[in-house]
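All residue numbers in this chain count up from 1 along the given sequence.
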Amino acid sequence: MAAQNKGPGGKQPTINDVAALAGVSKKTVSRVINRSEFLTDKTRATVEKAIEQLGFVPNPQARALAFRRNFLIALLHDNPNAQTVLNFQRGVLDAIKDSDLALLVRPVDRGSDKMLDDVRTFLEKQRPIGAMLLPPISENDDLAALCENLGVRYVRIGSAPLDDAKHCISSNDREVVAEAVRRLIALGHRRIGFVRGPVGFRSAAERETGFLEALAEAGLDLPAEFNAPGNYRYTAGVEAGEALLSLAAPPTAIFCSNDEMAAGVISVAHSKGIKVPGQLSIIGFDDSPTATHIWPALSTVRWPIHEMGIRAAQTLVPDFLAPGTKVAEGAVLASTFVERQSVAPPPER
């Protein structure tokens, strides 16, 4: 960046100084600063050269007043998995790092009768340009409608398409879970347990559907005693592990709907002297840091949550990103199965 020069009288350069140097109106300079599309390339280049030459720095408060918005984008969530929120947030911050935007993170309570009122108050007070909605609240159509009615751009994140491409970034949970379970079946597993996600989460439903589809393809079913409840937390994995591994004929493989619960199951297996993967194979979902911080390293589905954060920001505010930013296209990001050391053929094979 050019060194800051002084305007007339030794003062910091103003928008008027830029307009005078570029030979355009103050309004034209404002349009360049705010990345308006209604300018010729020649005019834009002339104004940008003047800005660079003077070292002019736009006043963010003035820009916010002109837009009637703060230069904020909001992340709204009610997700029990803190790692998911952090990884998504990291993706958003990577996308906006060279822009004037800032990220505002707001947890909400999806179980509250006042959730929509609380979100309305928050959006009206903070006036963000847009909002990104993480699951499970992204599945709430009324919340999306609220953003629309308030004139707040929004993007919904999901494990399946929830809206049109302009308003949704999704993954393919059902298909990739089926692929992971097919791998267990190909290794010879027939007694396969399942640890579900939270009731009411679309991601949990998609992963369960993929699991059951793979079993059905192989002519297998899921016994009731092999179907354990979960809530995406480590403690739920411990409880599920105790229940499944205490059976007289326990499963030889378990698919867990996220890595935290898979870690809980593995800890129970270790405590019972059950060898993983010699006696029990385990697969998780997320490919969070947990997957490689436990022993054995966890086979899992890599959910591209960081990339989803980048794509969400690019979809939400492409016109506010730094000039030259390459905005990716497409609303569906594929998850992938990552096989590590927690999977092997069943002991009886």
Side-chain angles (χ1 to χ4, degrees), residues 67-81 84-89 91-93 95-96 101-174 197-207 209 232 303-321 327-333 335:
F67 274 93
R68 296 184 181 180
R69 290 262 182 247
N70 290 317
F71 277 77
L72 298 172
I73 54 176
L75 170 57
L76 306 180
H77 74 90
D78 181 10
N79 195 299
N81 191 336
T84 294
V85 178
L86 290 173
N87 285 341
F88 183 85
Q89 178 180 315
V92 174
L93 292 174
I96 67 173
L101 298 167
L103 177 64
L104 187 61
V105 181
R106 175 76 171 191
V108 301
D109 181 4
R110 70 188 179 99
S112 170
D113 294 337
K114 297 181 179 180
M115 184 192 78
L116 290 177
D117 290 336
D118 291 342
V119 172
R120 175 186 291 275
T121 299
F122 168 76
L123 294 177
E124 289 178 338
K125 182 178 180 180
Q126 299 298 332
R127 297 182 300 138
I129 296 167
M132 293 163 290
L133 314 177
L134 274 180
I137 62 169
S138 59
E139 299 156 15
N140 188 316
D141 291 335
D142 291 336
L143 181 55
L146 173 63
C147 292
E148 186 79 32
N149 293 337
L150 292 176
V152 176
R153 306 177 188 186
Y154 69 91
V155 172
R156 306 163 74 176
I157 315 304
S159 293
L162 302 170
D163 212 315
D164 58 53
K166 181 174 67 173
H167 291 124
C168 183
I169 304 297
S170 62
S171 57
N172 59 333
D173 290 18
R174 180 186 305 188
V199 174
F201 279 44
R202 179 68 178 271
S203 60
E206 289 292 317
R207 294 168 196 180
T209 299
Y232 286 163
W303 196 36
I305 190 64
H306 175 260
E307 291 82 354
M308 293 173 85
I310 294 174
R311 190 73 58 88
Q314 293 176 337
T315 300
L316 187 70
V317 286
D319 48 331
F320 285 85
L321 299 182
V327 177
E329 297 179 355
V332 179
L333 280 72
S335 300

**Student:** State, with a plain yes or no, whether a side-chain heavy atom of M132 is found less than 4.5 Å away from one of F88.
**Tutor:** yes

**Student:** For the residue pair R202 and A160, what are the closest heavy atoms and their distance?
**Tutor:** NH2-CB, 3.5 Å

**Student:** So L134 and V85, side chain to side chain contact (heavy atoms under 4.5 Å, CB included) or not? Walk me through it.
**Tutor:** CA-CA 8 Å; L134 274 180; V85 178; 4.1 Å; yes

**Student:** Going through the checks in order, is the side chain to side chain contact (heavy atoms under 4.5 Å, CB included) test met by D141 and R156?
**Tutor:** CA-CA 10 Å; D141 291 335; R156 306 163 74 176; 2.7 Å; yes

**Student:** V155 and A312: which non-hydrogen atoms are nearest, and at how many Å?
**Tutor:** CG2-O, 3.9 Å

**Student:** What distance do H306 atom NE2 and L333 atom CG have between them, rounded to the nearest 0.5 Å?
**Tutor:** 12.0 Å

**Student:** Which heavy-atom pair separates A95 from A313 by the least distance, and what is that distance?
**Tutor:** CB-CB, 3.7 Å

**Student:** Kindly compute the distance separating OG1 (T209) from CG (D173), expressed to the nearest 0.5 Å.
**Tutor:** 10.5 Å

**Student:** Are the side chains of L72 and R127 in touch, meaning some heavy atoms are under 4.5 Å apart?
**Tutor:** no

**Student:** Under the criterion side chain to side chain contact (heavy atoms under 4.5 Å, CB included), I'd like the reasoning laid out for D78 against M115: C-alpha separation, chi angles, the key distance, then a yes or no.
**Tutor:** CA-CA 11 Å; D78 181 10; M115 184 192 78; over 6 Å; no

**Student:** If you apply the rule side chain to side chain contact (heavy atoms under 4.5 Å, CB included), what do you find for L101 with I129, and how did you get there?
**Tutor:** CA-CA 9 Å; L101 298 167; I129 296 167; 3.6 Å; yes

**Student:** Once you round to the nearest 0.5 Å, how far does CG of L316 lie from CZ of R311?
**Tutor:** 14.0 Å

**Student:** Within a radius of less than 6.0 Å around CG of D113, do more than 12 heavy atoms belonging to other residues, nucleotides or ligands occur?
**Tutor:** no

**Student:** Are any non-hydrogen side-chain atoms of P128 and I73 less than 4.5 angstrom apart?
**Tutor:** no

**Student:** Consider only side-chain N and O atoms of S203 and Y232, and report whether a donor and an acceptor are under 3.5 Å apart.
**Tutor:** yes

**Student:** What's the shortest heavy-atom distance between A131 and L76, and which atoms?
**Tutor:** CB-CD1, 4.4 Å

**Student:** Might you point out which heavy atoms bring M308 and S171 nearest each other, and give the distance in Å?
**Tutor:** CE-N, 4.1 Å

**Student:** Quick one: pull up CG in L104 and CZ in F122 and give me the separation to the nearest 0.5 Å.
**Tutor:** 4.0 Å

**Student:** Give, for atom NE2 of H167 and atom CG of L133, the distance between the pair rounded to the nearest 0.5 Å.
**Tutor:** 10.0 Å

**Student:** Any chance you could measure I96, atom CD1, to I310, atom CD1, to the nearest 0.5 Å?
**Tutor:** 11.5 Å

**Student:** Looking at every non-hydrogen atom in both residues, tell me the closest pair between T84 and I305 and how far apart they are.
**Tutor:** O-CG1, 3.7 Å

**Student:** Are any non-hydrogen side-chain atoms of D163 and Y154 less than 4.5 angstrom apart?
**Tutor:** yes

**Student:** Got S159 and W303 here, is their nearest side-chain heavy-atom distance under 4.5 Å?
**Tutor:** yes

